[in-house]
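Report on the structure given below.
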Amino acid sequence: MKRIGYWVTDKKFKKMRFASFHDICRDAGYEAVRIKEPEDLEKQGPFDVFIHKLSDDIGSALDGDEEAKELVQKFQSHFQRCPSLLVIDPFDKVARMIDRREQYQAARDCFQKLQDDQYFIPNFVELTNTDVSSNKKLIEQAGITFPFIYKPAAAHGSAECHHLAVVFNEDGLRDLPPPCVAQSFTNHDAVLYKVYIIGDHIQVVKRPSLKNFKQGGSKESTVFFDSYGVSKPNSNSHLNKLDLKEEEPSDKTVLLSPDLDKVRKMVTALRSSLKLELLGIDLIIEKTTGRYAVIDINSFPGYDGVDNFFEVLLDMLSKRLQPNEREGTRKRKSSEPLEKDLHT
Ligand SMILES: O=P(O)(O)O[C@@H]1[C@@H](OP(=O)(O)O)[C@H](OP(=O)(O)O)[C@H](O)[C@H](OP(=O)(O)O)[C@H]1OP(=O)(O)O
Ligand SMILES: Nc1ncnc2c1ncn2[C@@H]1O[C@H](COP(=O)(O)OP(=O)(O)O)[C@@H](O)[C@H]1O
Ligand SMILES: [Mg+2]
Ligand SMILES: [Mg+2]
């Protein structure tokens with residue numbers, strides 16, 4: 001019987017109802033094994049495949065957190081001792097999504113190769129200090145316009161990673177704790193699409209999002225917000241409410257739901273360059289042009305609203321475990337070490 005090892009937090013285990021995954025696996029002739037302690041992994045194994053939400057720990061480990069380093073190291077040592085183990089997703093590929101600047105750069109490179117300007121990453125720049133005049137220059141050079149959105153550089157790892165802000169003018173540059181990313185705000189009529197990906201399977205789920213703001217900026221003070229309050233299924237923040245005059249579509253409004261063929265083309269390109277199987281892409285549609293903007297990429301997200309998530313997951317895993325597929329995986333060296341400094 002093939003064995004599927006997995007690592008998720010208690011919160012994620014409960015929220016996603018992972019207990020049912022065990023039944024679904026058993027019915028299909030697989031065994032799901034929840035790893036709770038990263039001790040004696042050989043004894044808990046052997047596993048044919050290992051899936052995980054370790055992005056927070058990988059992020060903290062890269063930041064130098066000793067406990068996280070130890071945890072990540074234990075898994076990596078196990079992977080090295082079991083070279084045939086399929087790891088979804090490989091730690092080095094997950095690591096590339098942790099720093100928002102790196103994540104955006106990778107996605108922008110991918111879109112440039114695709115040579116299709118219907119997809120874009122809104123202009124962004126990394127700010128590493130609080131020097132207002134040099135930050136002003138960096139923002140101008142990157143073509144960032146007011147308002148812009150402030151995001152902590154780390155996309156995963158702590159609650160603070162989701163403490164964002166909308167900055168309306170140069171005065172707002174004083175309040176931004178570095179390291180962070182500044183990104184042009186793209187009006188999108190307060191609708192965001194979660195593009196949830198499980199291998200080849202894609203499901204798009206509609207979510208609330210930030211309202212439109214006057215382009216070019218204003219005198220308003222910076223608005224700080226927690227992203228958990230604006231784009232979860234039941235979010236109902238004042239920041240989600242379009243201003244009254246905007247509720248009726250204007251001539252310039254391109255009101256669209258995403259075109260699934262376009263989404264598929266985008267996902268195929270991103271998957272092939274990011275080399276991730278379990279991911280979520282936050283997509284917004286630019287109000288004035290209808291172009292697709294990717295604003296966030298999440299490793300193993302919540303998949304809230306995805307139909308039959310565990311059946312789809314098991315289907316993907318069983319396909320990946322087919323001998324032909326394994327050959328491809330081995331070529332990808334899925335268990336390569338993440339970073340040398342995580343071993344020290
Ligand atoms: O718990 P959820 O359903 O809010 O899922 C979170 C994701 O929400 P989403 O599916 O995109 O709505 C969430 O996505 P966002 O960054 O909020 O777009 C993250 O992936 C989050 O992981 P982390 O805490 O940043 O490591 C995810 O948290 P974990 O479930 O991995 O703890
Ligand atoms: N460039 C942008 N233009 C417009 N709205 C944005 C932009 N970036 C983020 N947002 C809004 O902020 C929310 C959180 O941003 P996101 O980058 O997804 O961070 P998180 O990782 O915390 O989810 C999004 O759900 C969306 O409503
Ligand atoms: Mg997001
Ligand atoms: Mg995110």
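We count ligands from 1, going down the list as the structure has it; atoms in each ligand are counted the same way. FYI, side chains are in, hydrogens and waters are out, and symmetry mates aren't considered; it's all heavy atoms of this structure.
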Ring-plane angle category for Phe124 and Tyr104, please: parallel below 30°, perpendicular beyond 60°, tilted otherwise.
tilted

Minimal heavy-atom distance between His238 and Lys211, with the atoms involved, is O-CD, 4.4 Å

Closest heavy-atom pair and its distance - Ala165, Phe224
CB-CD2, 3.6 Å

Ser299, any N or O under 3.5 Å of ligand 1 N or O:
no

List the closest protein heavy-atom neighbour of atom 21 (C) of ligand 1: residue, atom name, distance to the nearest 0.1 Å.
Tyr228 OH, 3.5 Å

For Ser273 and Arg96, the nearest pair of non-hydrogen atoms, with its separation, is O-NH1, 3.5 Å

Any nitrogen or oxygen of Pro301, side chain or backbone, less than 3.5 Å from one on ligand 1?
no

Identity of the nearest option to atom 7 (C) of ligand 1, non-hydrogen atoms only, from Lys194, Lys53, Lys232
Lys232

Excluding water, the protein N, O or S atoms sitting under 2.8 Å from the Mg ion (ligand 3) are Asp282 OD2, Asp296 OD2

Within 45° of the axis and under 6.0 Å from the centre of the six-membered ring of Phe18, does NZ or CZ of Lys12 qualify?
no

Logged contact type for Met16 with ligand 1, heavy-atom cut-off 4.0 Å, is neither

Does atom CD of Glu37 have more than 12 heavy-atom neighbours, drawn from other residues, nucleotides or ligands, at distances under 6.0 Å?
no

Any idea which heavy atoms bring Gly59 and Ile98 closest together, and the distance?
N-CD1, 3.4 Å

At what distance is the nearest protein heavy atom to atom 16 (O) of ligand 1, and which residue and atom is it?
Asn298 OD1, 3.0 Å

Lys11 versus ligand 1: do any nitrogen or oxygen atoms come within less than 3.5 Å of each other?
yes

Flag this pair as yes if the NZ/CZ of Arg34 is under 6.0 angstrom from the six-membered ring centre of Phe13 and inside a 45 degree cone about the axis; otherwise no.
yes

Look only at interatomic distance and state if Ser227 has a nitrogen or oxygen under 3.5 Å from any nitrogen or oxygen of ligand 1.
no

Salt bridge or not between Lys319 and Asp315? Use side-chain N to carboxylate O under 4.0 Å.
yes

Value rounded to 0.5 Å, distance of SG in Cys82 from CG in Leu41:
8.5 Å

Counting the benzene-type ring for Trp, do His78 and Phe50 have ring centres under 6.0 Å apart?
no

Closest to atom 30 (O) of ligand 1 by heavy-atom distance, out of Lys15, Lys12, His162, is Lys12

Per-atom contacts, ligand 1 versus Arg207 - under 4.0 Å to a heavy atom:
12 (O)

Close-contact set for ligand 1 against His156 heavy atoms, below 4.0 Å
23 (P), 25 (O), 26 (O)

So the atoms of ligand 1 within less than 4.0 Å of a heavy atom of Asp56 turn out to be 23 (P), 26 (O)

Aromatic ring centroids of Phe168 and Phe148 under 6.0 Å?
no

Under 4.0 Å between heavy atoms, the region of Asp296 that gets near ligand 1 turns out to be side chain

Nitrogen or oxygen atoms of Ser231 and ligand 1 under 3.5 Å apart:
no

Any N/O pair Thr9/ligand 1 closer than 3.5 Å:
no

Could you check Leu54 against Val94 for side chain to side chain contact (heavy atoms under 4.5 Å, CB included), going step by step and ending with a plain yes or no?
CA-CA 8 Å; Leu54 276 162; Val94 171; over 6 Å; no

Would you say Asp282 and ligand 1 have an N/O pair spaced under 3.5 Å apart?
yes

Same hydrophobic cluster for Ile284 and Val195, using side-chain heavy-atom links shorter than 4.5 Å among ILVMFWY?
no

Proximity winner for atom 9 (P) of ligand 1, if only heavy atoms of Tyr196, Tyr303, Phe300 are counted:
Tyr196

